[in-house]
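Structure record follows, encoded as structure tokens.
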Number of protein chains: 2
Amino acid sequence: MRTSVLSDWLAQRLDRGNGQPIYRQLHRLLQQAILSRELPAGSKVPSSRLLAQELGIGRNTVTQVYEQLVLEGYVSSATGRGTFVADSAPDEIVGAPDAEASSTPDAPNAADAREPGVLASGRTPASSSSPSPHRATRALSTRGARLIAGAGVSKRQWGAFMPGVPDVTKFPARVWSRLHNKYWRRLRPDLLTYAPGGGLAALRHALADYLRTSRSVRCTPEQIIVTTGIHQSVDLAVRLLSDPGDVIWTEDPCYWGVRSVLHVSGLQSRPIAVDDEGIAPSPDDLAQPPKLMLVTPSHQYPLGMVMSLARRRMLLEYARQHQCWIIEDDYDSEFRYGSRPLASLQGLDTSGQVIYVGSFGKTLFPGLRIGYLVVPEALAESFATASAELYREGQLLQQAMLAEFIAEGHFTSHIRRMRTLYGQRRQTLLDAASQRYGDALPAVGGDAGLHLVMQLPDGSDDRRVAAAALERNIVVRPLSGYYAQPSLAPSGLLIGYACVPDEEIAPAFNTLADAIDATLPQFA
Amino acid sequence: MRTSVLSDWLAQRLDRGNGQPIYRQLHRLLQQAILSRELPAGSKVPSSRLLAQELGIGRNTVTQVYEQLVLEGYVSSATGRGTFVADSAPDEIVGAPDAEASSTPDAPNAADAREPGVLASGRTPASSSSPSPHRATRALSTRGARLIAGAGVSKRQWGAFMPGVPDVTKFPARVWSRLHNKYWRRLRPDLLTYAPGGGLAALRHALADYLRTSRSVRCTPEQIIVTTGIHQSVDLAVRLLSDPGDVIWTEDPCYWGVRSVLHVSGLQSRPIAVDDEGIAPSPDDLAQPPKLMLVTPSHQYPLGMVMSLARRRMLLEYARQHQCWIIEDDYDSEFRYGSRPLASLQGLDTSGQVIYVGSFGKTLFPGLRIGYLVVPEALAESFATASAELYREGQLLQQAMLAEFIAEGHFTSHIRRMRTLYGQRRQTLLDAASQRYGDALPAVGGDAGLHLVMQLPDGSDDRRVAAAALERNIVVRPLSGYYAQPSLAPSGLLIGYACVPDEEIAPAFNTLADAIDATLPQFA
């Protein structure tokens with residue numbers, strides 16, 4: 001009789017027309033019946049032959065479902081005696097303190113469901129036994145909540161005037177595809193498995209050569225640690241070289257993303273003002289040496305000034321005396337218009353204090369996710385081990401493609417082409433701005449990079465302007481958001497020109513200008 | 001006269017035969033002379049015309065070098081008066097406390113070099129002016145040193161018997177290349193820039209479908225967060241949901257890599273013993289509810305048992321009562337031989353406590369670096385934002401390829417093929433072991449996964465055996481290293497069979513057996 005009740009219940013629910021295999025449906029239904037106690041613990045389930053017959057399905061299907069349920073612990077089978085529902089009630093929780101949450105009235109409590117189920121007693125089964133989800137509104141951790149509250153990432157990552165994004169449509173896709181096909185044709189297993197610490201040797205060699213000649217970085221290939229970009233590079237350096245509570249100097253203003261990485265690792269960042277020569281620590285700042293400092297000597301981000309030689313030497317000397325680490329973020333130094341790129345701070349370092357950080361995100365395309373650290377020789381092995389241990393990286397085939405791309409000269413010639421292109425776009429943007437505003441809204445940002453900063457009148461709300469621009473489908477970022485105290489910060493807009501086609505720059509700028517005019521009364 | 005001294009000095013050092021452009025050589029030499037004070041601050045440099053003439057090089061070259069030096073702050077030019085060496089001495093450090101390191105006798109001190117250089121006084125210049133590097137042996141941070149000391153990563157990542165690595169040579173490279181070429185032909189800029197939080201929508205949809213049907217995971221595409229793998233998934237969950245000092249339960253034994261990720265984020269891990277039914281917290285454990293727990297219900301890593309249904313329900317109920325999060329690492333659940341894969345813990349969760357973690361590393365190839373989190377609905381937006389903010393991911397084109405790979409059915413058929421293949425290899429390995437040792441060295445590990453665990457006699461040193469095997473070019477991992485206290489742990493070897501070609505398994509096992517016999521006296 002029990003058999004026929006269960007068979008009826010199952011037969012009502014099995015649906016040959018819904019596209020789900022009968023095996024899966026039967027498996028789910030039996031799980032459901034057991035979890036909801038409609039098939040109570042200890043009850044015997046019909047033999048596979050009988051159930052198959054009553055449901056009009058193959059016996060093999062039932063056998064397989066039973067075997068699966070045995071494996072999953074829903075039923076157990078005793079040879080010669082049949083198959084029984086296992087005691088699937090939760091293990092008794094012994095030794096737990098009184099639960100704060102156990103009195104929550106709307107929380108479903110599994111123990112309440114211990115009464116025998118309807119299938120055992122012959123009653124009509126309830127139509128659905130899956131409990132409605134209980135969504136606890138538990139808080140994020142303190143660091144998690146802070147991270148979310150301070151998040152600066154945009155929803156949009158492409159189009160006028162997204163700062164910091166290169167023109168990916170100009171990337172030599174054919175060369176890249178050729179390399180891809182070459183490596184996938186003669187498949188090498190060692191390129192498809194996990195990466196050795198520090199990355200692929202061929203890429204580290206190619207990078208050392210490139211950095212030596214183009215960025216005056218002094219290093220051996222072993223000092224190069226391949227990462228997925230600036231974020232991972234900074235994360236690794238910070239976790240290996242500092243402990244929670246340690247102080248790091250950051251430039252004020254600075255890149256929002258790195259600030260988040262620092263905070264979530266427990267660092268206290270001390271914002272240091274910048275002047276025309278770069279980071280400018282006050283006597284008060286200097287009196288409290290930090291554990292680390294994070295600087296952008298080639299092209300201050302986002303304002304664009306170059307750190308003077310005197311300032312560079314001061315920083316190096318100070319860091320040497322006080323045993324602090326300098327992280328040099330050399331993020332878009334390849335793009336300097338009208339002059340050659342400036343040499344790195346790392347190249348001036350004679351005492352192994354500088355951690356140099358770079359990436360291919362601006363020179364090739366952001367989605368590639370290949371960046372690198374150059375660390376002092378004494379730290380090279382620790383960094384390589386830690387990167388493998390913490391991130392368990394791979395993507396070696398892509399690293400091999402990139403190494404060949406560099407060695408064949410495509411990398412430098414692509415940079416050369418892009419430098420010309422971005423220089424022109426920058427000029428087009430400046431022309432459009434001056435045509436509309438004359439000298440009323442001056443641009444800063446040095447003759448370099450992928451963006452410039454247009455200053456807005458003191459006291460104007462750059463976030464409102466950026467929001468008004470976004471309504472018109474133009475992405476700009478408010479300068480104040482890059483400062484530690486946005487409410488006291490100068491007002492301005494970061495305008496990225498690199499990824500905007502030439503002919504769209506002037507029209508897009510005029511749309512932006514409409515947003516400015518609509519927001520700031522003095523231009524209305 | 002000064003001009004000719006400088007010209008002589010430069011002429012001696014410029015080398016037309018060394019392949020370095022004259023521009024770069026001249027630039028370096030002048031930088032060197034200025035940094036070493038051989039060209040002292042305030043001294044005038046010869047006009048570009050004169051210097052070009054005296055060196056017999058193009059005037060344009062000299063002009064460009066001078067312009068570069070101006071930009072870099074080494075020299076400054078005053079119109080009509082000529083070009084002068086800037087004061088490149090370090091900015092005076094005002095307000096800094098007494099430096100502990102300033103008395104270090106071997107530290108080069110820039111201030112000592114302030115005397116006028118030889119080029120100004122007419123003396124013969126010193127042969128080399130770059131100071132020898134001072135390598136400070138500064139310690140890593142506390143967390144950094146702990147990370148390095150506990151690192152478990154191997155140098156080798158491929159070959160017999162590397163655990164946890166699938167057979168990447170069987171990956172359908174042609175299909176993959178076809179997809180690659182398709183996406184690179186019709187280049188979409190939005191696939192080459194930064195990823196939106198959570199990853200590409202198409203992949204999140206494909207994954208939600210796959211996980212629903214194959215892993216009984218209940219989720220919408222929005223609950224899926226694409227990551228680079230288990231490490232990043234756990235990192236993200238831990239940083240968003242816990243603070244330094246919080247306790248996490250880990251299984252004992254467990255995967256070494258995740259343990260490192262936890263420690264470096266400041267968590268205290270409490271190792272919980274496992275029994276035949278999976279993680280088995282004692283009354284003492286239960287009396288102190290953790291913030292998080294990290295479990296492998298489908299296939300305990302590395303021992304292989306399946307968590308019983310009773311244990312699953314106990315954990316869920318306990319977590320609900322005590323408001324703790326369960327991270328379910330479902331790392332290689334697709335490979336279960338002789339039975340279907342087991343359903344996930346997440347599918348039983350009715351109160352939004354489970355964070356489900358998976359990856360394509362075992363099913364496709366490790367180097368791909370695509371993994372995912374499935375988070376409770378209430379956390380989905382925070383996780384998406386945080387992943388974009390912390391990691392600034394990309395690789396969208398690869399995500400698009402993978403989404404299509406799944407949608408076209410290649411993913412499930414590849415898993416099916418590999419399941420058969422690995423099942424055979426597992427049997428070949430078991431046969432080889434039993435032929436050599438009979439029942440003396442039993443294997444555990446369930447009928448699933450990419451490795452099994454061969455138990456060694458109590459008290460034998462599995463690290464010595466693994467080292468002896470490595471000398472014979474065989475990679476195995478000592479089981480004791482997966483335990484919180486290796487010295488008290490059972491002895492055994494993790495043997496990965498998935499990436500070893502069929503015909504190599506028996507010979508490689510015999511080589512391993514030679515290492516066992518040579519190390520353990522009872523087998524000699």
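Throughout, a chain's letter reflects where its sequence line sits, starting with A, and its residues are numbered from 1.
Residue A:Gln398 touches chain B through its side chain alone, counting heavy-atom pairs closer than 4.5 Å. Heavy-atom distances place both the backbone and the side chain of A:Val238 under 4.5 Å from chain B. The parts of A:Gln395 that come within reach of chain B are both its backbone and its side chain, each placing non-hydrogen atoms under 4.5 angstrom from that chain. Heavy atoms of B:Leu192 lying under 4.5 Å from chain A belong to its backbone as well as its side chain. There is no contact between B:Arg312 and chain A, counting heavy-atom distances below 4.5 Å. Contact of A:Leu241 with chain B is made through backbone and side chain together, with heavy-atom distances under 4.5 Å. Looking at B:Leu364, there are no atoms closer than 4.5 Å to chain A (heavy atoms on both sides), in backbone or side chain. When heavy atoms are compared at a cutoff of 4.5 Å, A:Leu316 does not approach chain B at all. For a residue to count as touching a neighbouring chain, one of its non-hydrogen atoms must lie under 4.5 Å from one of that chain's; by this rule A:Arg188 does not touch chain B. Heavy atoms closer than 4.5 Å to chain A are found in the side chain of B:Val306, but not in its backbone.
The two atoms that bring A:Glu389 and B:Gly150 nearest to each other are OE2-O, 3.9 Å, heavy atoms only. Minimum heavy-atom separation, A:Ser265 to B:Arg239: OG-NH1, 3.4 Å. Among all heavy-atom pairs drawn from A:Arg369 and B:Gly394, the shortest one is CD-N, 3.2 Å. Of all non-hydrogen atoms in A:Ser260 and B:Leu390, the two that sit nearest each other are O-CD2, 4.1 Å.
Of the listed residues B:Pro189, B:Gly144, B:Pro244, the one with more heavy-atom pairs under 4.5 angstrom with chain A than any other is B:Pro189. Each of A:Asp235, A:Val264, A:Leu236 has some count of heavy-atom pairs under 4.5 Å with chain B, and the biggest count is that of A:Val264.
Between B:Trp184 and A:Phe171, the angle of the ring planes lies from 30° to 60°, which puts this pair in the tilted group.
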